Amino acid sequence: MGQFWIKMYSYYYSRFNHRDYVRGLNNYGLTCCINALLQSFSATPELLELLEKYHPAENERNKVPMKLKNTLCAMRKDQKHHSPHRDFIDCLHHHSIHRFIQHDADEIFHSILNLTQKQMIDKDLAEEIRKVYEIKVETQVMCKECGHIEKTPNSLYSLPLAIREGDNTLESCVQSFTQQEPLRSGNECYCDWCMKKQPTTHQLKLVSLPSVLCIHLKRFRNYGNTRKLNDRVTFPETLNMNIFNGQSENAKEFYSLYGVIVHLGSAFSGHYTAFIRDTPDQNWFYADDSSVRQATWKDVQETYEGRMTAYLLLYRKMSESASG
């Protein structure tokens, strides 16, 4: 990693006492999903720095953004206390993210960020937090007859990648996400230029990527009933954005893996844990609710396939020099 980035993250980690952020969190009734996500938020200094600026009004103190700020602060300061997140869990419970119900980590990730956006009165700060994770995409529908392209912008907090049965790589999943596909017969779109329905193609284009890139490996599929795909998906520690074929303005940049949210079990009986990488020392830790132990990159690679599989991948943007 380049010297500039080492100095920058050393500043972040000393400021937020980040070497101690991976700590045990008690499970309060199927809250493993929230616990794993909190580990990833605590490992994201880009988010912590913005939350530190958040000074809520009195009527905001019992809302999600303030409870999230208090929880992440307590996780760093009191390593012996395994319940710094209890108020946060209670707050989420009052916003329909209930205890004793199995939740999907990607859905809860979006819910927490959306509630933070909605409940912050300081909209400028809320916008800065949104930009930390925001992926800008564009849906392009092209008329095969005249070539006219209808473009629709959108934004996401995580990049949803479908996986195939068999062997997959993260790169192949990304290529599939951005691949141009013809719409099936009967699903033709109306072309404003041709003034009638025409055979069309559909493609998703990545317009810009955030400083923290969350990738969702879509392991749950519904074939009449929901089942989990335990198929192999390999992913690198350093992600070269050239795999996007220059579609994004970020295409020449690199991302470094710092968090993996893991799903164990089946679609109907599961458990979430997290691998978190310390920066700048680059040590991996494994957090399973109240239990935390040091881990290795080899341990993380074991989540490529099987019942204990990677579900959300968290990458942090690096400079090109840092990749070397």
Side-chain angles (χ1 to χ4, degrees), residues 22 32-47 104-110 112-113 132-135 137 156-164 167-178 204 206 209-220 228-244 248 250 253-264 270-279 282-288 295-318 322-323:
V22 187
C32 58
C33 175
I34 298 170
N35 291 354
L37 288 171
L38 283 172
Q39 298 290 359
S40 73
F41 289 139
S42 183
T44 307
E46 298 88 342
L47 174 63
D104 179 88
D106 184 63
E107 291 180 3
I108 300 304
F109 175 72
H110 279 78
I112 291 172
L113 292 177
V132 170
Y133 295 97
E134 183 183 37
I135 305 164
V137 299
L156 310 165
Y157 281 136
S158 65
L159 191 65
L161 299 183
I163 64 176
R164 304 186 308 268
D167 286 349
N168 302 260
T169 66
L170 186 59
E171 292 83 354
S172 69
C173 293
V174 170
Q175 295 294 351
S176 295
F177 180 82
T178 58
L204 286 169
L206 291 162
L209 299 171
S211 56
V212 174
L213 176 61
C214 180
I215 295 176
H216 173 206
L217 300 178
K218 298 175 68 177
R219 290 194 172 274
F220 298 108
K228 181 183 175 184
L229 298 179
N230 293 316
D231 299 85
R232 183 176 179 84
V233 183
T234 61
F235 49 87
E237 279 193 285
T238 300
L239 180 62
N240 184 340
M241 295 313 297
N242 286 326
I243 65 173
F244 289 89
S248 164
N250 308 71
E253 292 181 329
F254 295 82
Y255 280 76
S256 176
L257 184 70
Y258 76 94
V260 180
I261 306 298
V262 176
H263 182 271
L264 296 84
H271 178 62
Y272 286 101
T273 61
F275 282 99
I276 300 296
R277 186 166 64 169
D278 179 26
T279 305
Q282 306 297 294
N283 293 321
W284 282 99
F285 292 87
Y286 179 63
D288 180 358
T296 65
W297 171 236
K298 185 177 180 180
D299 294 328
V300 178
Q301 289 174 301
E302 290 180 0
T303 68
Y304 286 166
E305 61 184 325
R307 287 178 59 80
M308 179 178 173
T309 45
Y311 190 57
L312 296 181
L313 306 176
L314 290 153
Y315 283 91
R316 171 176 290 116
K317 185 187 292 185
M318 305 163 60
S323 65

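All values below come from the heavy atoms of this structure, side chains included, with hydrogens, waters and symmetry mates left out. Computed from a predicted model, the values in this text were never measured in an experiment.
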Hey, is the main chain of [Y] close enough, under 3.5 Å, to the side chain of [X] for a donor-acceptor pair?
X    : Y    : value
K317 : L213 : no
Y133 : V212 : no
S42  : Q39  : no
K228 : H263 : yes
N168 : R232 : yes

Considering non-hydrogen atoms only, spot the tightest contact between [X] and [Y] and give its length.
X    : Y    : answer
Y157 : C214 : O-CB, 3.7 Å
A43  : Y258 : O-CE1, 3.4 Å
P236 : L170 : CD-CD2, 4.0 Å
A287 : T273 : O-CB, 3.4 Å
H271 : D288 : NE2-OD1, 2.7 Å
V233 : R219 : CG2-NH2, 3.5 Å

Does the side chain of [Y] come within less than 4.5 Å of [X]'s, by heavy atoms?
X    : Y    : answer
M308 : L264 : yes
I135 : L209 : yes
L312 : D106 : yes
L257 : F275 : no

**Report entry** Ring centre gap for F109 and H216 strictly below 6.0 Å
**Finding:** no
To the nearest 0.5 Å, tell me how far [X] [atom1] sits from [Y] [atom2].
X    : Y    : atom1 : atom2 : value
I215 : Y255 : CD1   : OH    : 9.5 Å
D278 : W284 : CG    : CH2   : 11.0 Å
L37  : L113 : CG    : CG    : 9.0 Å
E305 : L229 : CD    : CG    : 13.0 Å
F41  : I34  : CZ    : CD1   : 10.5 Å
D231 : T309 : CG    : OG1   : 10.0 Å

Query raised in the report: side chain to side chain contact (heavy atoms under 4.5 Å, CB included) with L313: which of L239, L159, I261, V260?
Result: V260
Query raised in the report: What pairs with D299 under side-chain hydrogen bond (donor to acceptor under 3.5 Å, both in side chains), at least two apart in sequence or on another chain?
Result: T296
Query raised in the report: Relative to each other, are the rings of Y311 and Y272 parallel, tilted or perpendicular (30° and 60° limits)?
Result: tilted
Query raised in the report: Distance only, no hydrogens: is a donor on one side chain within 3.5 Å (strictly under) of an acceptor on the other, for R164 and S176?
Result: no
